[in-house]
2 protein chains.
Amino acid sequence: MQAAAQAFAEKGFHATTTRDIASGAGLSPAGVYVHFGSKEELLFNLSRSGHESALRLLRRAIGEGATPTEQLETLMARFTEWHVEQYQVARVVQYEHHHLTPEHHAEVLALRKEMDSLVRDVLDRGVADGAFSVDDSADTALALLSIAVDVARWYSPTIKRTPTEIGATNAALALRLVGAGR
Amino acid sequence: MQAAAQAFAEKGFHATTTRDIASGAGLSPAGVYVHFGSKEELLFNLSRSGHESALRLLRRAIGEGATPTEQLETLMARFTEWHVEQYQVARVVQYEHHHLTPEHHAEVLALRKEMDSLVRDVLDRGVADGAFSVDDSADTALALLSIAVDVARWYSPTIKRTPTEIGATNAALALRLVGAGR
DNA sequence: CAGGTAACTAAGCGCTTGCTTAGTTTCTCT
DNA sequence: AGAGAAACTAAGCAAGCGCTTAGTTACCTG
């Protein structure tokens, strides 16, 4: 799975051959099929576990914060850090899921919607208690997720900034975007 | 090129066959090679003309605004609208360029850097004349581009909102992000 | 330490891929 | 009308693809 994550992240699902994955894992081409029934099954396992890991992270971050402001700040920092530290898995999660079979795609889409509504709920609570000022919570949630998700697109391990620094930057941008603390 | 843009945007460069492109253009498989020497050449032509079109759009938007605030607002609205209206080309521009040959990739990367610095310059001028308050103009420019670029990822023609509406939303978010008008 | 199971490989099958070749049709211009 | 160029197609080649099969090695358990 690690070899597949690396290859899918680097070249995309269709540009990756099962021979790439096998040799990346130190196996013969047939060795992959002892553990996975198909290349798509490998993508699905990676995609599902990646989505679940990101979802757990979001829930934990929200659980840690006492106020919507704290929750948003922690959530944005941790979610961004995850996209940096796990940038290979994150790329698979964000950019390869449409290569899944329709059934598998539907399963993963449900997890993605859940992530979206977790963020929107934090915004709505912040608006309700007056901490945030936001025109439309759906649009703003989407923009927040765009900033974090896009990290997986531009990040490269050659970049010097640490995950914590990038996370803190995005957390600060998030607070600005919702008008917290004016 | 239109058939290729549609196929590349829908399935990605490697998942698209030259036969897909040919039949999309109403040609036989060999007919494509009358006009393009290879599949990669087709991607390069699309990618370059797409980047150039986006770059022209940014320059025009900046030229229209009298102040950095106006420039940022127009730029963000137009750039977002472009990602909606030309979402197939935009997807190729944003997500397929790493499948180019090293030489072609380098050429396109130069155009991408140019786009980035156009946005950062607007931010810097806004900070200089006191209209914006921004911690780091590079980080903020990246976040602004993330919000706009990500439109190509989530947009679908089934969505009811018009390009203009989405553009206006993102322009408003951009002004918030740079602390304009407090 | 025998017996069963899981992990693995060498070889390769059937198919699809990007692209070519040889030949035909369509267009353009005088 | 007719020549030359450009646009196109039918057929197919060599290479690479996902995946299978038959057989071998490594491992765990009683």
Engineer: Among D/dT20, D/dC8, C/dC19, which is the nearest nucleotide to the side chain of A/Ala30?
Structural biologist: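 So the nucleotide nearest the side chain must be D/dT20.
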
Engineer: Check whether A/Thr16 reaches the backbone of A/Ala7 with its side chain - one donor and one acceptor, N or O, closer than 3.5 Å.
Structural biologist: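 Confirmed, A/Thr16 side chain pairs with A/Ala7 backbone.
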
Engineer: If you pin A/Thr17 and B/Val32 to their nearest nucleotides in DNA chain D, which one's is more 5'?
Structural biologist: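 So the residue in question is B/Val32.
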
Engineer: Starting at CG of B/Leu27 and ending at P of C/dT26, how long is that distance when rounded to a whole Å?
Structural biologist: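 Rounding to the nearest Å, CG of B/Leu27 and P of C/dT26 are 14 Å apart.
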
Engineer: Write down the atom of A/Val122, the atom of A/Pro68, and the distance for their closest heavy-atom approach.
Structural biologist: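 What the structure gives for the nearest pair is CG1-O, 3.8 Å.
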
Engineer: Without decimals, in angstroms, what is the distance between B/Lys39 NZ and C/dC19 C1'?
Structural biologist: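 Spelled out: NZ on B/Lys39 to C1' on C/dC19 is 12 Å.
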
Engineer: Cut-off 3.5 Å, side chains only: do B/His105 and B/His97 have a donor facing an acceptor?
Structural biologist: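 Present: a donor and an acceptor within the cut-off.
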
Engineer: Send over the distance from A/Tyr33 OH to D/dC17 P, rounded to a whole Å.
Structural biologist: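 About 12 Å, once rounded to whole Å.
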
Engineer: Near B/Gln2 CD, under 6.0 Å, is it more than 12 heavy atoms from other residues, nucleotides or ligands?
Structural biologist: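 Counting other residues, nucleotides and ligands, CD of B/Gln2 stays at 12 neighbours or fewer.
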
Engineer: Nearest whole Å is fine: how far is D/dA7 C1' from B/Phe36 CZ?
Structural biologist: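 That distance rounds to 14 Å.
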
Engineer: For D/dC19 and A/Thr18 - does any side-chain N or O of the residue sit under 4.0 Å from the phosphate oxygens OP1/OP2?
Structural biologist: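 Result: no.
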
Engineer: For D/dC17, does either OP1 or OP2 sit under 4.0 Å from a side-chain N or O belonging to B/His14?
Structural biologist: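 No, no such contact exists.
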
Engineer: Can you check the A/Lys11 NZ to D/dG16 C1' distance for me, whole Å?
Structural biologist: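 Distance, rounded to whole Å: 13 Å.
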
Engineer: Look at B/His35 and D/dC8 and indicate whether a side-chain polar atom (N or O) is within less than 4.0 Å of OP1 or OP2.
Structural biologist: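 Affirmative; the distance criterion is met.
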
Engineer: Does B/Arg19 make a side-chain donor-acceptor contact with the base of C/dG18, cut-off 3.5 Å?
Structural biologist: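 A donor-acceptor contact between them is present.
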
